[in-house]
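Numbers for residues simply follow the sequence, beginning at 1.
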Amino acid sequence: MDDKKILEVLNEIFQDIFDDDSLAITAETNQDDIEEWDSLANINIVFAIEDEFDIKFDVDDITKMKSVAIIIDEIKKKLA
């Protein structure tokens with residue numbers, strides 16, 4: 001799966017988690033860009049990603065996930 005497709009799926013996940021259909025993320029989006037992106041939201045994002053992509057992250061992976069680019073990289077590692 002390429003970065004563009006992963007980003008499309010992530011955008012839907014972020015819109016759902018943050019209840020904002022107008023939200024448009026990019027690879028450069030990070031926790032500082034979305035006020036509501038706190039530790040609880042991050043866990044919800046991780047659970048949604050694990051469910052959508054049928055993968056599992058460990059604690060070290062989750063603690064690194066502070067930007068969309070990092071999330072994409074971690075998804076690609078798990079799918080490889």
Original post:
Is any side-chain heavy atom of I45 closer than 4.5 Å to a side-chain heavy atom of M65?
Top reply: no
Original post:
Would you say I34 and F14 make side-chain contact, with heavy atoms under 4.5 Å?
Top reply: yes
Original post:
Do I6 and I71 touch side chain to side chain, with heavy atoms closer than 4.5 Å?
Top reply: no
**OP:** Taking D33 for its side chain and N30 for its backbone only, find out whether a donor-acceptor pair lies under 3.5 Å.
**Re:** yes
Original post:
Taking a hydrophobic cluster as the set of Ile, Leu, Val, Met, Phe, Trp and Tyr residues connected by side-chain heavy atoms closer than 4.5 Å, whether directly or through intermediates, do F47 and F18 fall within one such cluster?
Top reply: yes
Original post:
Do E36 side-chain atoms and A41 backbone N/O form a donor-acceptor pair below 3.5 Å?
Top reply: no
Subject >> Transitive ILVMFWY side-chain link I55 to L7, under 4.5 Å >> reply: yes
Original post:
Applying the 4.5 Å side-chain criterion to the ILVMFWY set and letting contacts propagate, would L79 and I72 be lumped into a single cluster?
Top reply: yes
Original post:
Would the number of heavy atoms belonging to other residues, nucleotides or ligands and lying under 6.0 Å from CG of D58 be above 12?
Top reply: yes
**OP:** Sort out for me which residue in D3, I75, T29 forms a side-chain contact (heavy atoms from CB on, under 4.5 Å) with L10.
**Re:** I75
**OP:** Would you confirm whether N44, through its side chain, and I17, through its main-chain N or O, come within 3.5 Å as a donor-acceptor pair?
**Re:** no
Original post:
Is any side-chain heavy atom of M1 closer than 4.5 Å to a side-chain heavy atom of F53?
Top reply: yes
Subject >> Shortest non-hydrogen contact from E52 toward I13 >> reply: CB-CD1, 4.2 Å
Original post:
In a check of side-chain contact (heavy atoms from CB on, under 4.5 Å) between V59 and each of I62, D61, T63, which one passes?
Top reply: T63
**OP:** Return the minimal non-hydrogen interatomic distance between D21 and Q15, and the atom names on each side.
**Re:** O-NE2, 3.0 Å
Subject >> Least distance between heavy atoms, K56 atom then K78 atom >> reply: O-CE, 3.2 Å
Original post:
Which pair of heavy atoms, one from D2 and one from K5, lies closest together, and at what distance?
Top reply: OD1-N, 2.8 Å
Original post:
Can you tell if the side chain of V68 reaches within under 4.5 Å of the side chain of E28, non-hydrogen atoms only?
Top reply: no
Original post:
So do K64 and D73 actually touch side chain to side chain, heavy atoms under 4.5 Å?
Top reply: no
